[in-house]
Amino acid sequence: MKNKNGKIWLRSCIVALACFGLTLGLYRAGFFSFFENKTYDRRMVFASKYIRPCDDISFIIVDQDSIDWAKENYGWGWPWPREAYGRMIDFISEGNARSIAFDILYTEPSIYGQADDDALALAEKNSGIVIQPLNVLVDYQNETQTSQFPVEQIKQNAAQLGAVVSNKDDDDIIRRGRLDYEYEGKLYPTLGTAPLYIEGVPELLDNVPRLKDGTVLLRYQSSIDNYHPYSAYDIFYSYDILTGQTEPLDDDFYYEPDEFEDKYVFIAYYAPGLYDICSTPVSQVFPGVGVHITTLDNLLTDSFITKAPEFLVFIWILILSLFGAAAITFASLTNSQRMTVILMISAFIIGMGLAVGVPYVLFTKGIWFALVAPAMSFLLSFLVCVGLSLSVEGKQKRFIKSAFSQCLSKDVVNQIMNDPSSFTLGGKNYQMTAIFTDIQKFSSFSELLTASQLGCLLNFYLTRMSDIIIEEHGTVDKYEGDAIVALVGAPVEMEDHAVRACAAAIKMKKAEVLLNDEIQKIAAGEKPSDMEQDLYDAFKIMVANNKTIFTRIGMNSGEMIAGYFGSENKKNYTMMGNNVNLASRLEGVTSSTTQTES
């Protein structure tokens, strides 16, 4: 048994290592990348509930309400004059903000004339903290780049330029951000990192967990609205109050410039049809400025997602593969089919719980740990071992059914198949009853009948008697000529084995009377159409010679050993022991007091 279990454990290890190797190969080939990215997005949505936006970032939006308010109060059509954004700069700068980053491109001269561009440029110059965007259009097919810089006076008076070039994955979702962008040999910070350059602390970028291509994994808020956007019209109205152009009413709400003290301010379009829409892990309609805000947020809070080292992922894949195989192997070696099923289900829940739960928990801590490849390794190992276990179990059940269906009742066979632990190869001690039967003075039958007639008569007799033993859940060990060797109480243990054996003996004696009557009636008439001629002739000869069947039965209960014995190539299920021998001797001393010696 130990040797057999050792082979099973060795097989499970081989399966686990094979599944590990296959999964690792597919993982290295990028087979799981698409699915991993999708689970990455789900984890991002889940983890976004556990982080707060950085309090040092403010977001001013040019929304539809602001456009309508400006038209009604200032008479501005769309687009607004750039002097309007100059007012925003003046108001925010008055409050000693740290930076003002525009996600609005001014690549063409103002439609209101050069004076309008000059007004914005002057506001930039006076502020000294304004960041203007630089865009680069990349033609990957022709490998060309086209720059989009602000008009000259706006470019020259900006404190810093920030690149707004996106970094999309193959499925057009922005999971990663850039910290800088090189164009024509010059390295520009992105809009999200430019505020640090204004403050003169770009060294904060040195310890950022970059990927191999220099990008960073962004940790998004669930919505850009988490940064509590300010509407542009609130800024205009507050500016008018600050400059004395209007008097506030008693119930009017307005801001003081110090609302933005020490803030990193972003200004962007937010009206439908105006702002650029990006797909991110948390939303398919995420404003583009949100990517840059997220980059700065992650920098200030040190909350970028860190990708776990590959060697840890490899180890995790191996662990889950081994767990899947070991759990099924352990479950299949239990003695109860019900317990095996329970353990298998439990192992599946635990394995998948670990494969999914560990990456989710780590993600909330800012660590991207592979989910799909380890889960697949566990599933492969689990399912392959389940398949092998079922195959071996099916083979065992087929063997049991083949071995015992001819000598055991169907109920006992089913019991063994449902609980294989009740049946073991090799000897096992049982409290059971041995039964020995034969036909008294059978040699006298042999002298009268031909071999074929004798064979038909024995089959007729043994079938009736064996059916009775099997009906009482007994096991027919073997036939020795006219003798039956049987046992009750093995291979399935029975507390009432003695009662069942006695019941079988009584039924056999009753069947014997009926059998002799049947022989008399058949021999007295025509041969039944479904009866063999040799059996009919045997009946005729028996009646003509005044022969009847008398069964001698010997039984004994006690401790005996039963199991498969013999050689590797030839073995039979049988019993042995002193109590078996006693049953045999008891059968030999029984006799009929009514029969005479032949």
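Just the heavy atoms: all of them, side chains too, but no hydrogens, waters or symmetry mates, feed the values below.
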Going by atom types only, do Gln221 and Ser48 share a side-chain donor-acceptor pair under 3.5 Å? no
Counting N and O atoms only, with roles assigned by atom type, does the side chain of Thr295 sit under 3.5 Å from a partner on the main chain of Val291, one being a donor and the other an acceptor? yes
First locate atom CG of Asp477, then atom OG1 of Thr574, and finally report the distance between them rounded to the nearest 0.5 Å. 3.5 Å
Near-ring test Tyr220/Phe286, centroid separation under 6.0 angstrom: yes
Whether Thr329 side chain and Ala325 backbone form a donor-acceptor pair below 3.5 Å: yes
Measuring from Lys263:NZ to Ser99:OG, what's the distance to the nearest 0.5 Å? 12.0 Å
Can you say whether the rings of Phe363 and Tyr40 are parallel (under 30°), tilted (30 to 60°) or perpendicular (over 60°)? perpendicular
For the rings on Trp78 and Tyr269, is their centre-to-centre separation under 6.0 Å? yes
Answer yes or no: is there a donor N or O on one side and an acceptor on the other, between the side chain of Asp213 and the main chain of Thr215, under 3.5 Å? yes
Can a donor-acceptor pair be found, under 3.5 Å and without considering hydrogens, that links the side chain of His292 to the backbone of Thr190? no
Looking at Ala271, is its backbone amide N or carbonyl O close enough to the side chain of Gln64 to form a donor-acceptor pair, meaning the two atoms are under 3.5 Å apart? no
Just to verify, what does Leu187 make a side-chain contact (heavy atoms from CB on, under 4.5 Å) with, not counting sequence neighbours? Asp180, Glu182
Is the backbone of Tyr233 close enough, under 3.5 Å, to the side chain of Ser66 for a donor and an acceptor to pair up by distance? yes
May I ask you to check whether Ser231 and Asp63 show a side-chain donor-acceptor distance below 3.5 Å? yes
Applying salt bridge (Lys or Arg N to Asp or Glu O under 4.0 Å) as the test, list every pair that has at least one member in residues 287-312; sequence neighbours left out. none
Side chain Thr301, main chain Cys54, donor-acceptor under 3.5 Å: no
Carefully, step by step, assess Arg175 and Asp41 under the rule side-chain contact (heavy atoms from CB on, under 4.5 Å). CA-CA 8 Å; Arg175 300 179 180 90; Asp41 297 345; 2.8 Å; yes
For the residue pair Phe314 and Phe20, is the inter-centroid distance of their aromatic rings smaller than 6.0 Å? no
